[in-house]
Every structure is written in C-alpha cells, then in structure tokens.
Amino acid sequence: MVTAQPTDFAERVLRVAENIPPGRVMSYGDIAEYLGEKGPRQVGRVMALWGGGVAWWRVIHADGSLLAGHEHQALARYLEEGTPLRRTRDGAVCGVDMRRARWLAPEGWRQGG
DNA sequence: CGTGTGACACGTA
DNA sequence: TTACGTGCCACAC
C-alpha cells in the first residue's frame with residue numbers, strides 16, 4: 001500500500017533498475033548520477049516504495065553491501081545470476097564485488113531511443 | 001515553517 | 001580490506 005504514486009523521477013529510477021542486466025548491479029548513487037537528478041537517498045526511497053516491481057537485488061550500496069533484511073533473498077538471486085560476490089577469509093559472503101559487478105548504463109541508453 | 005528520518009556515500013581507524 | 005560515524009536532499013508530521 002503506497003500513499004503516493006510513482007513520480008516521473010521514480011519511473012526513471014525503476015526504468016534503469018529494470019535495465020540492469022543479470023549478473024550485474026548498480027549503486028543508488030550511480031543511478032542518481034546517471035539520471036542527473038536528486039541523489040542516492042532519493043533513489044533508495046523510490047526503490048523502497050516501488051522497488052518491489054523490479055530487480056531490486058541489482059540495486060545495492062556503493063560498497064557492495066547487500067540490502068539489510070533481504071541479504072538471503074538477494075544472495076539467492078546473485079547465485080542464480082552468477083553475480084560476482086565478495087567473501088571474507090571466513091568464506092562468508094560480505095556483499096557483491098562492485099569492482100566487477102558494477103554496471104554503467106549507456107549514455108544514450110533509453111529503451112525507446 | 002521547522003525538526004526528524006531514510007533500501008546512501010565518503011572519510012578514518 | 002572491513003566496520004563505524006557524519007553529512008546531504010527530500011518527504012512526512
């Protein structure tokens with residue numbers, strides 16, 4: 001139940017999130033920076049509100065840390081998509097290997113263009 | 001109109 | 001290399 005409808009900015013954020021290819025991920029800041037609007041916090045807000053309809057697990061922190069409360073679900077997706085994961089000496093998955101999984105949206109990407 | 005919070009990011013230890 | 005603290009922008013009360 002959302003108390004507001006997706007704004008134009010939200011639609012753009014969701015659009016980018018939907019375009020993130022499997023095995024790749026984008027940081028909130030990257031999406032905000034790519035759109036050139038608002039900031040990472042605003043992107044995170046959009047994902048928190050309407051991110052449930054997109055590959056939310058492909059949108060994580062810039063340091064590669066997984067989404068709190070959904071690490072397990074996200075981890076399962078990464079294993080299925082073969083997303084480069086980062087593990088500690090203990091072998092525990094600490095997050096995603098952003099240096100390899102980080103995906104940058106093409107400048108003139110746009111679905112219709 | 002002002003204060004507090006959040007699916008964040010950078011700097012420091 | 002990993003973990004913790006502070007600052008930003010916009011929304012809700």
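Here is the naming used below: chain letters follow the sequence lines, and residue numbers restart at 1 for every chain. If you're wondering where the values come from, they're calculated on a predicted model, not measured in any experiment. Side chains are part of it too, since the values below use all heavy atoms of this structure and drop only hydrogens, waters and symmetry mates.
Looking only at distances, no side-chain donor or acceptor of Y78(A) sits under 3.5 Å from a matching main-chain atom of G95(A).
Nucleotide dT5(B) holds its C1' atom 14 Å from the CG atom of L49(A), rounded to whole Å.
Of all heavy-atom pairs between V59(A) and Y28(A), the closest is O-OH, 3.3 Å. Minimum interatomic distance between A32(A) and V43(A) (heavy atoms only, all atoms of both residues): CB-CG2, 3.5 Å. Residues R100(A) and P84(A) come closest through the heavy atom pair NH2-CB, 3.5 Å. Taking every heavy atom of both residues into account, R12(A) and L35(A) meet most closely at CB-CD2, 3.7 Å. The two residues A101(A) and G23(A) make their nearest non-hydrogen contact at CB-O, 4.2 Å. Across all non-hydrogen atoms, the minimal contact from C94(A) to T88(A) is CB-CG2, 3.9 Å.
Pairs of Watson-Crick or G-U wobble type, with distances under 3.5 Å, assemble into runs of 3 or more in DNA chain B at these ranges: B:2-6 with C:9-13, B:8-13 with C:2-7.
Listed in residue order, the members of residues 23-30 of chain A having a heavy atom less than 4.0 Å from DNA chain C come to none. Looking at residues 67-77 of chain A, you'll see L67(A) sit with a heavy atom under 4.0 Å from some atom of DNA chain B. Only W56(A), H61(A), A62(A), listed by number, bring a heavy atom of residues 54-66 of chain A to less than 4.0 angstrom from any atom of DNA chain B.
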Worked verdict on W56(A) versus R77(A) for side-chain contact (heavy atoms from CB on, under 4.5 Å): CA-CA 10 Å; W56(A) 53 266; R77(A) 298 294 180 181; 5.5 Å; no

Does V96(A) form a side-chain contact (heavy atoms from CB on, under 4.5 Å) with L66(A)? I'd like the steps, not just the answer. CA-CA 7 Å; V96(A) 176; L66(A) 307 183; 3.6 Å; yes

Determine, step by step, whether M98(A) and I60(A) satisfy the side-chain contact (heavy atoms from CB on, under 4.5 Å) criterion, reporting the C-alpha distance in whole Å, the side-chain angles of both residues, the deciding distance to 0.1 Å, and the verdict. CA-CA 9 Å; M98(A) 288 301 280; I60(A) 60 179; 3.8 Å; yes

Derivation and outcome, side-chain contact (heavy atoms from CB on, under 4.5 Å), residues L79(A) and L85(A): CA-CA 9 Å; L79(A) 294 174; L85(A) 296 174; 3.8 Å; yes

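Residues V54(A) and M47(A) form a side-chain contact, since some pair of their non-hydrogen atoms from C-beta on lies under 4.5 Å apart. W57(A) places none of its side-chain heavy atoms less than 4.5 Å from the side chain of L75(A).
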Once base and sugar-phosphate atoms are separated, protein heavy atoms under 4.0 Å mark nucleotides 2-9 of chain C, 5' to 3', with B, S and - as SS----BB

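Of the residues D30(A), D63(A), D97(A), the one that meets the salt bridge (Lys or Arg N to Asp or Glu O under 4.0 Å) test with R102(A) is D30(A).
Pairs of residues two or more places apart, or lying in two chains, that qualify as salt bridge (Lys or Arg N to Asp or Glu O under 4.0 Å) and include a residue from residues 40-58 of chain A are R58(A)-E81(A).
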